[in-house]
Amino acid sequence: MKLLEKLNAQQRQAVTADPGPVLVLAGPGSGKTRVLTHRIAYLVSHVGVPSNQIMAVTFTNKAAREMGNRVARLLDETADKQTAARSSVSLGTFHSLCARMLRREAERLPFTREYVIYDDTDQESLIRASFKELNIDPKQVSTRKIHGGISRAKNELIELKDFSAENYNAEITRRVYERYQEKLRINNALDFDDLLLFAVRLLQENDDLRLQYQQRYRHILVDEFQDTNTAQYVLLRNLAGLQPDLFVVGDPDQSIYRWRGADYRNVHRFRQDYPDAQLILLEQNYRSTQTILDAAMAVIDRNPNRQPKRLFTERGEGVKITLHEAYDENDEAGYIVNTIANLTLMEKIDPGDCAVMYRTNAQSRALEEAFLKAGLAYRIVGAQRFYGRREIKDVIAYLRLIHNPHDQVALLRVINTPPRSIGAKTIEALLDTAERLQLTPYETLSSLVTNPDGDAGSLITGRTNRALSDFGRQLQGWLAQREELSIDALIDRIMQDIDYRNYIDDGTEEGLERWGNVLELRAAAQEFAQMGLTTFLEHVALVSDQDTLTESLNAPTLLTLHAAKGLEFPIVFIIGLDNGVLPHQRSFNDAEAMAEERRLFYVGITRAQDRLFLLRAFRRRQAGVSTLSDASPFLDDLPPDQIEGIHPNRYAWDQVSFQRQTRWRESAVPETQAHFQAGMRVAHPQFGEGTVLSTQVEFGDEEVTIIFDDGETKHLVASLANLEILTE
DNA sequence: ATCACAATACTTTTT
DNA sequence: GTATTGTGAT
């Protein structure tokens, strides 16, 4: 069979396993996702399963998309030309599949099919509002903790009625949970956890539906199974039915989402719940060199309570791992830019083959600056989330308000953006009035428009009354048009009416960029013109920026260790190997959290195919203040003979050695000669012509300072900037 | 009462 | 470096 040709015996065994519960446990780089996609193709083309009976679940939309592409390619290769068949595999994240199911079955649920999904900013504002109503001071009790407590409860399928409060903290959580849930209901909104919770309840409480879904999806496949939480696991069990073909693939050592409820013990549960499940292990690694695997094993072997794994490869030893201690985070970033520059020049490595990984998004800043300064392109995953930007949230809030005028969170966001003289006091008056008249805030606004002297009008008077009714009138105007206008036309209309461009575009570069973001959102809305506002808003809530990597650009990728899961790169840099960053400070007092930090490092190491660079900084700015940092304890666990560079822990308290460290850095990088000198006329493809002010050979590369003819002064790395010498 | 700007406090990871 | 709060001017 052509489909199975390129697979090894273990992989083939997994792909062709008889239908039934199958648990594939495998290390990184062993072809887990490959096995999953081959299994789908195998079911369709060899077993003859209609593809619409197959459901495959992953954790990001990007992974789902990629899975779809791979399956399509495999079916093409196996000469199975059922184009229709391949497109009907249900592929998606747990959340998107649940969102669809809830939409379909909304009549049975306590919300309408037009429900919206609240992201965490929206959720946070509901928590804040609940705090206010309960007279809880957010300074005394952290909203995030309570929010986290509610989320954890929901992930464990603990609804309000089952929530027992055995201590003070839990009692507060219970009270806020109650208010919060009520607010979601009033707003016809769900949070991420509700999507799972309601889907599980729906299947549990409706025998007919459960059977219907079980018959519809006879074959269920799950990737990254170790990252499922209780709700997701129970959902799977309900979907799977009595004779399940449930094929799950995972690696407990790569479980990195415990903090959002994921429980790798689901792997044990699976074995208990399905005692006849076939267990298949994939041991061979196809990704990394043995050096990298040895380092990865040395790190992960320190974790207690795990099944030891031997990772082996036929790729050979490979190059040693490079360890580098930089002076601070800027130096760290500079080292990376220069190293990548050197690799691309000297070893003809593609910039796109490099990835830089870090523990926290904030660490990307120094990197971005360094890349920008060098004039080198980069791709960044997540970080400043597109849909999290202020201007995007504003526009979406307007759309959401028009979609559902009773959406209070959206209303409060836009009611005074841009400022229209509706301040805190006025809003308070509106909400008070609404509560007294038993109306939603929108209804109160409407009554002010139609009858300014009516019940509401008597409570809200004068300037306040006029400001509110003006806005109410505007809102009604949009609502009247929502049926006839497409989403992008609606955006145009709103933007024009509120003069939004003038509000965000202050003439600065950022202002222009913000307006550009609005236009980008408008372009996205155009694509959804046929599908309607509900679908568009769902897309906006569930498609994260982790999914929007520009594939076309051949440039290094910057991403968090979490976002790196499931990816691979020939060359990987992991930065911030400092105690407090990786492992993160907040994990110090929790052994399980520390184990997870270690797994995170393990995930990072095992992303590398050929070369691994580990970096840390002697001094690091955090929260504005610069502090000295110790090396990460994880570095102690690396096998010394596979490391090149100096072990940072030996120098953490030794100032003299720091200079030696610096010397090592200089000698490790090939000498570069200066090609430029002060006074030279040069031309840059972007910045135009200019005069060289000074030049300096640094880190094996030449850094040139140029004053361009438009008056701008720039520091550029000569090898990257593509400078042309005009005159000597 | 609202707005603009300044001072202040806080910063894990994400569907 | 950013979200929230505080202050003075309008």
Side-chain angles (χ1 to χ4, degrees), chain A residues 57-64 92-99 117-121 123-125 128 138-139 142-144 148 151 154-155 190-197 224 227-229 231-232 255-262 329 357-366 368-369 381-385 387-390 393 416-429 461-464 467 506 510 538 540-547 559-565 576 580-588 590 593 596-597 599-601 603-604 621-625:
Chain A
V57 196
T58 63
F59 277 84
T60 64
N61 286 292
K62 185 182 173 237
T93 63
F94 278 100
H95 289 89
S96 66
L97 292 166
C98 288
I117 300 162
Y118 275 6
D119 72 10
D120 40 45
T121 329
Q123 293 167 31
E124 194 71 17
S125 76
R128 286 219 130 79
K139 276 176 194 139
S142 129
T143 54
R144 287 193 40 192
S151 177
K154 288 184 174 185
N155 284 161
L190 301 182
D191 64 19
F192 291 123
D193 307 316
D194 282 341
L195 292 173
L196 303 170
L197 185 68
E224 309 284 7
D227 286 327
T228 50
N229 62 32
Q232 287 158 339
S255 158
I256 52 174
Y257 285 105
R258 191 184 77 110
W259 49 274
R260 76 174 193 209
E329 70 274 3
M357 300 171 189
Y358 35 81
R359 175 68 234 265
T360 65
N361 280 308
Q363 290 171 265
S364 72
R365 189 167 310 282
E368 290 192 69
E369 277 169 18
V381 182
Q384 175 56 288
R385 332 175 109 228
Y387 289 108
R389 284 165 207 255
R390 201 186 74 204
K393 292 222 70 178
N416 202 30
T417 14
R420 42 175 84 89
S421 298
I422 303 177
K425 288 281 175 211
T426 310
I427 290 171
E428 210 174 297
T461 51
R463 265 207 336 248
T464 316
D506 51 4
E510 295 119 68
E538 178 185 305
V540 163
L542 289 180
V543 173
S544 70
D545 305 277
Q546 303 293 324
D547 305 325
L559 72 179
T560 62
L561 288 162
H562 283 90
K565 193 189 65 173
V581 179
L582 182 64
H584 196 273
Q585 201 167 331
R586 291 180 87 115
S587 302
F588 282 172
D590 178 351
E596 183 149 315
E597 298 285 326
R599 290 194 291 269
L600 202 48
F601 185 35
V603 167
R621 269 175 85 86
Q622 276 174 313
V625 271

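Please read these numbers as outputs of a predicted model, since none were measured by experiment. By convention in this document, chain letters (A, B, ...) are assigned in the order of the sequence lines, proteins followed by strands, and residues within each chain are numbered from 1.
Mapping A:A424 and A:F192 onto DNA chain B via the closest heavy atom, the residue that lands nearer the 5' end is A:A424. Toward the 5' end of DNA chain B, the nearer of the two residues A:S96 and A:E597, judged by each one's closest nucleotide, is A:E597.
In this structure, the nucleotide among B:dT15, B:dC3, B:dT11 sitting nearest to the side chain of A:R586 is B:dT11. Distance from the side chain of A:S421 is smallest to B:dC3 among B:dC3, B:dA1, B:dT13. Closest approach to the A:H562 side chain among B:dT13, B:dT15, C:dG1 is made by B:dT13 (side chain taken as heavy atoms from C-beta onward). Nearest to the side-chain atoms of A:E369 among the listed nucleotides C:dG1, B:dT13, B:dA1 stands C:dG1.
At the phosphate of B:dT13, OP1 or OP2 sits under 4.0 Å from a side-chain N or O atom of A:N361. A sub-4.0 Å separation between OP1 or OP2 of B:dT14 and a side-chain N or O of A:T560 is present.
By the 30° and 60° cut-offs, the orientation of the rings of A:H562 relative to A:W259 is perpendicular.
Within 4.0 Å (heavy atoms only), A:R420 reaches sugar-phosphate atoms of the nucleic acid but no base atom. In this structure, A:Y257 reaches the sugar-phosphate backbone alone: every heavy-atom distance under 4.0 Å involves primed, P, OP1 or OP2 atoms, never a base. Here A:N416 lies in heavy-atom contact (under 4.0 Å) with sugar-phosphate atoms only.
Between the P atom of C:dT4 and the NZ atom of A:K139 lies a distance of 13 Å, rounded to the nearest Å. In this structure, A:R144 atom CZ and B:dT14 atom P are separated by 12 Å, rounded to whole Å. Across the protein-nucleic acid pair, A:N229 atom CG and B:dT14 atom C1' stand 12 Å apart, rounded to whole Å. Summarising the geometry, the separation between CD on A:Q232 and C1' on B:dT14 is reported as 12 Å, rounded to the nearest angstrom. Taking atom CZ on A:R390 and atom C1' on C:dG1, their separation rounds to 15 Å, with Å as the unit. A straight line from CD of A:E428 to C1' of B:dA1 spans 12 Å, rounded to a whole angstrom. Straight-line distance from the CG atom of A:D120 to the P atom of C:dA3: 13 Å, rounded to whole Å. Straight-line distance from the CD1 atom of A:I256 to the P atom of B:dT13: 13 Å, rounded to whole Å.
Salt bridge A:R365/A:E368: absent, no basic N to carboxylate O contact under 4.0 Å.
Cation-pi check for A:K565 over A:F59 is met; the charged atom lies under 6.0 angstrom from the ring centroid and within 45 degrees of its normal.
When all heavy atoms are compared, the tightest approach of A:A231 to A:L196 is CB-CB, 4.0 Å.
Counting only distance, with no hydrogens or angles, the side chain of A:E596 and the backbone of A:R258 share a donor-acceptor pair below 3.5 Å.
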